[in-house]
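Have a look at the structure below, then the notes.
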Protein chains: 2
Amino acid sequence: MENKEISQAVISRLPRYFRYLGELKDEGIERISSQELSAIMDVTASQIRQDFNNFGGFGQQGYGYKVEYLYEEIGKILGLDRTHNLIIIGAGNLGQALANYMNFERRGFLFKGIFDNNPSLYGKKIRDMEIRPMEEMESFVRENNIDIAVLTIPKTSADAVAWKLVDNGIKGIWNFAHVDLDVPKSIQVENVHLSDSLMKLTYNINRFEQGCYS
Amino acid sequence: MENKEISQAVISRLPRYFRYLGELKDEGIERISSQELSAIMDVTASQIRQDFNNFGGFGQQGYGYKVEYLYEEIGKILGLDRTHNLIIIGAGNLGQALANYMNFERRGFLFKGIFDNNPSLYGKKIRDMEIRPMEEMESFVRENNIDIAVLTIPKTSADAVAWKLVDNGIKGIWNFAHVDLDVPKSIQVENVHLSDSLMKLTYNINRFEQGCYS
DNA sequence: AAAATAATGTCAATTCATTGACATTCCCTT
DNA sequence: AAGGGAATGTCAATGAATTGACATTATTTT
């Protein structure tokens, strides 16, 4: 019954831990101390221990952490021990690329369908999956217990589509549309605002150039 | 000679301000108060004023902010008043999608080339741009004053490619490869780790389900 | 032209996140 | 089996970010 809220700052770091631990595991390394992990990942050992302790003790004093065990536990925290049914809304460049590029199944994401409202795309196959017309989306979500929708549609229609998804039982939205979706707080939204990210990059480039270095 | 370092927390919020101000501008709205913006964007008015004041006062007391002026100024801060030469490394699903999908030119990013090491792609046209062999990358970066490289290649080769870019004068890397690049601090790196983002989403979905609500 | 109003700029207070320090616990060796 | 060493778990201290409060200054109205 752990019920204290864990900050998103901590959560944001978990996937990175997970990635490094996965690599260590693949290298056959069995144990690691916060000190060693600290050196590899370039964060403080204190933060590592603090982060893990949010979820209870995963280590053994005097020994360190068992890599495989820790890897599994963090995976569980992130929900990667379960499967999630996923669909992609919008079969444009980005939607198709994500369908092909992300190795969804590897982490328990079952790619169940891809939708678009452009009739010339209907039936085209992406990863052995026919592109379906948008009209079928709502019933499909309901009948196939879809958990996650990936939104790769223009921002103008994003909110309307999001609400249709919500009304049919979606749990989370991975939002690539360039708007902030206005959905109930019970629906989890993870935004990937690519242009925002690129702007941060240019800020930092310019800052560095204008900084004391030149 | 403002020289105090501005926190990345503030920078991360600037693109979002920029987006909302752009929309307000398009709607023909000329002035706005931090109070009103606060209501629209769902952040505190205090934070808005604090954020803007990092860069000097953009508003007028008793009046508010001039939308267009503020929009322009934030654009300048983000470096969007200049042009940046950009190339894409890796013409796989994601690289091609970004080339087609991102409206780079709109914000001053000049799409100058796309590279891959798969000979069967050489010469294929993406946005009127032939895919070039990887071997030409280094000289191309040098000779065309490329500022930004978009890395959409497998993680195994990411570090090696990054260093070639660095050696030929790149200023920033927009990194979609699933590794933390080990480049000099003078090179700006903006990571887009898509699977990390998706894991955060599943964490939050599961957290909500297991929370007190069910 | 002067007073009233409105909203910024800024300082202080609070909250949140990170780091440092150390006692505790467990492993490993003798 | 017992003691030494090593690294966790945790608490306290520091530092950073956010919020709240208000004096200041510009605008607008009378």
Side-chain angles (χ1 to χ4, degrees), chain A residues 2-17 20-21 24 29-74 77 200 203-204 207, chain B residues 2-17 20-21 24 29-74 77 200 203-204 207:
Chain A
E2 305 279 330
N3 230 354
K4 60 176 169 184
E5 188 83 2
I6 288 154
S7 83
Q8 291 295 313
V10 174
I11 305 309
S12 312
R13 286 191 291 265
L14 292 182
R16 188 155 178 267
Y17 291 131
Y20 275 87
L21 288 165
L24 288 168
I29 292 166
E30 289 183 354
R31 82 187 233 189
I32 194 157
S33 68
S34 58
Q35 195 74 226
E36 294 169 298
L37 197 53
S38 156
I40 298 172
M41 294 187 62
D42 198 28
V43 294
T44 64
S46 190
Q47 180 161 75
I48 291 173
R49 296 202 296 275
Q50 191 88 307
D51 281 348
F52 293 168
N53 259 81
N54 281 294
F55 307 95
F58 294 142
Q60 293 159 272
Q61 286 177 331
Y63 177 89
Y65 299 90
K66 291 218 159 122
V67 171
E68 183 149 10
Y69 174 69
L70 187 54
Y71 175 80
E72 296 293 336
E73 289 303 310
I74 294 180
I77 293 167
K200 270 198 277 176
Y203 171 84
N204 283 316
R207 177 188 57 109
Chain B
E2 305 280 329
N3 230 354
K4 60 177 170 185
E5 189 82 2
I6 288 152
S7 83
Q8 290 294 313
V10 174
I11 305 309
S12 312
R13 286 191 292 266
L14 292 183
R16 188 156 178 266
Y17 290 131
Y20 276 86
L21 289 166
L24 288 167
I29 292 165
E30 288 181 356
R31 81 187 235 186
I32 194 156
S33 68
S34 58
Q35 195 74 226
E36 294 167 298
L37 197 53
S38 156
I40 299 171
M41 294 188 61
D42 198 29
V43 293
T44 63
S46 188
Q47 180 161 78
I48 292 173
R49 295 202 297 276
Q50 190 88 308
D51 281 349
F52 293 169
N53 259 81
N54 281 293
F55 307 96
F58 293 142
Q60 293 160 268
Q61 287 180 331
Y63 176 90
Y65 300 89
K66 293 219 157 117
V67 171
E68 182 149 11
Y69 173 69
L70 188 53
Y71 175 79
E72 296 293 336
E73 289 303 311
I74 294 180
I77 293 167
K200 270 198 277 175
Y203 171 85
N204 283 316
R207 178 189 56 109

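Heavy-atom basis, side chains included; hydrogens, waters and symmetry copies ignored. Each chain gets a letter, A, B and so on, in the order the sequences are listed, and its residues count up from 1.
- A side-chain hydrogen bond (donor to acceptor under 3.5 Å, both in side chains) with S33(A) is found for exactly one of R31(A), E36(A), Q35(A), namely E36(A).
- OP1 or OP2 of dA17(C) sits under 4.0 Å from a side-chain N or O of S7(A).
- Residues satisfying the side chain to side chain donor-acceptor pair (under 3.5 Å) criterion with Q50(B), sequence neighbours excluded, are absent altogether.
- Between dT18(C), dA26(D), dC28(C), one nucleotide has an atom nearer to the side chain of R13(A) than all others, and that is dT18(C).
- Spacing between atom CG of D42(B) and atom P of dT18(D) amounts to 14 Å, rounded to whole angstrom units.
- For Q50(A) and dT19(C), a side-chain-to-base donor-acceptor distance below 3.5 Å is present, hydrogens and geometry of angles not being considered.
- A residue-by-residue look at Y65(B) and Q60(A) shows that Y65(B) has its nearest nucleotide of DNA chain C further toward the 5' end.
- Residue-level contact check: S33(B) touches the backbone only, with heavy atoms under 4.0 Å from sugar-phosphate atoms and none from bases.
- Between Y17(B) and F52(B), the angle of the ring planes goes over 60°, which puts this pair in the perpendicular group of the 30/60° scheme.
- Across the protein-nucleic acid pair, I11(B) atom CD1 and dT18(D) atom P stand 12 Å apart, rounded to whole Å.
- Across the protein-nucleic acid pair, N54(B) atom CG and dC11(C) atom P stand 13 Å apart, rounded to whole Å.
- Comparing G62(B) and V43(A) along DNA chain C, the residue whose closest nucleotide (by nearest heavy atom) sits nearer the 5' end is G62(B).
- A straight line from CG of N53(A) to P of dT8(D) spans 10 Å, rounded to a whole angstrom.
- Rounded to a whole Å, the CD atom of Q61(A) is 12 Å from the P atom of dA7(D).
- Residue contacts shown for T44(A) are limited to sugar-phosphate atoms, with no base heavy atom under 4.0 Å away.
- Listed for the Q47(B) side chain is no donor-acceptor partner under 3.5 Å among the backbone atoms of T44(B).
- Rounding to whole angstrom units, OH of residue Y63(A) and C1' of dG9(D) are separated by 18 Å.
- Which of dC26(C), dA26(D), dA17(C) sits closest to the side chain of A9(A) comes down to dA17(C).
- The interatomic distance linking Q8(A) (CD) with dA17(D) (P) rounds to 18 Å, in whole Å.
- A straight line from CD of Q35(A) to P of dT8(D) spans 8 Å, rounded to a whole angstrom.
- Of the candidates dT19(D), dA7(D), dT8(C), dT8(C) carries the atom nearest the R49(B) side chain, counting heavy atoms from C-beta on.
- A donor-acceptor contact shorter than 3.5 Å links the side chain of R16(B) to the backbone of M41(B).
- Here S34(A) reaches the OP1 or OP2 of dT8(D): one of its side-chain N or O atoms lies under 4.0 Å away.
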